[in-house]
Amino acid sequence: MMIEDPCMLCHVEEADAFFPRRRVWQDEHWRLSVVLQGAVPGFAHLEPLRHIPFVTDLDGPEAVSLGPALARATTAIQAATGAEKVYVYVFGDRLPHLHFNLAPHHPDGPLTGGPGLLRPDAESIPPAEHHAMAAAVERALGPTELR
């Protein structure tokens, strides 16, 4: 994949200084960095070493190893922070290099989760549209043996 304008996360030292963050783990495909500022101690980024723009571009060994890397990272964050759970966010609007934002959540902590991610004026979509979307996703996935 040719990159015309290299992204910050492809220059990891630059990214570490910008956020600021500390790299705490790396394997042959993924790295985990803990952000050293903000309201959520233990907030971290899990990102592939190779430039992959968005989650929809995920392929190759990163696709195969994502589950184990994500499980290892979130388990370690939960254990280290004593969090009830670890939220996993993927947005990609500001920085087109796949990265998972890992946010430890405590019941009385700063993260709201759930509906707090929606705009306050967001309206509910009719159930028929949700059912149609579920059917479209099911068609896109193709035949499955889970039924």
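- For P48 against R31, the heavy-atom pair with the smallest separation is O-NH2, 4.0 Å.
- The cluster map of Ile, Leu, Val, Met, Phe, Trp and Tyr, joined by side-chain heavy atoms under 4.5 Å apart, puts V86 and V90 in the same cluster.
- Considering CG of L95 and CG of L9, their distance stands at 4.0 Å, rounded to 0.5 Å.
- Listed by chain and number, the residues in a salt bridge (Lys or Arg N to Asp or Glu O under 4.0 Å) with R21 are D16, E47 (sequence neighbours excluded).
- One distance of note links CG of L102 with CG of L70; it measures 6.0 Å at 0.5 Å rounding.
- For the pair P104 and A83, the tightest heavy-atom approach, listed with the atom from each and the gap, is CB-CB, 3.6 Å.
- Between H130 atom NE2 and S124 atom OG the span is 6.5 Å, to the nearest 0.5 Å.
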Query - Test log, rule side-chain contact (heavy atoms from CB on, under 4.5 Å), inputs N101 and Y87 - result: CA-CA 8 Å; N101 296 298; Y87 292 141; over 6 Å; no
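- Hydrophobic cluster membership is shared by I52 and V88, with clusters built from Ile, Leu, Val, Met, Phe, Trp and Tyr side chains linked at under 4.5 angstrom.
- The cluster map of Ile, Leu, Val, Met, Phe, Trp and Tyr, joined by side-chain heavy atoms under 4.5 Å apart, puts L49 and V55 in different clusters.
- A search for ring pair (Phe, Tyr, Trp, His ring centres under 6.0 Å) contacts involving H29 returns nothing, not counting sequence neighbours.
- When the ring pair (Phe, Tyr, Trp, His ring centres under 6.0 Å) test is applied to F19, the partners found at least two apart in sequence or on another chain are H45.
- Distance check, rounded to the nearest 0.5 Å: CE of M8 to CD of E13 gives 13.0 Å.
- Heavy-atom contacts from other residues, nucleotides or ligands closer than 6.0 Å to CD of Q37 number more than 12.
- Classified by interplanar angle (parallel below 30°, tilted 30° to 60°, perpendicular above 60°), the ring pair F91/Y89 is parallel.
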Query - side-chain contact (heavy atoms from CB on, under 4.5 Å) assessment of W25 paired with R72 - result: CA-CA 10 Å; W25 174 80; R72 183 173 185 181; 3.1 Å; yes
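- The minimum heavy-atom distance linking P110 with V40 is given by the pair CG-CG2, 3.7 Å.
- The existence of a salt bridge linking R50 and D57 is excluded, since no basic side-chain nitrogen approaches an acidic carboxylate oxygen closer than 4.0 Å.
- The distance from the NE2 atom of H51 to the SG atom of C7 is 5.0 Å, given to the nearest 0.5 Å.
- Taking hydrophobic clusters as Ile, Leu, Val, Met, Phe, Trp and Tyr residues chained together by side-chain heavy-atom distances below 4.5 Å, L46 shares a cluster with I77.
- For R23, the CZ atom sits in a packed shell: over 12 heavy atoms of surrounding residues, nucleotides or ligands are nearer than 6.0 Å.
- The shortest heavy-atom contact between F54 and P96 is CZ-CB, 3.7 Å.
- Hydrophobic cluster membership differs between V12 and W30, with clusters built from Ile, Leu, Val, Met, Phe, Trp and Tyr side chains linked at under 4.5 angstrom.
- Put simply, the side chain of Q78 gets close to the backbone of E84: a donor and an acceptor are under 3.5 Å apart.
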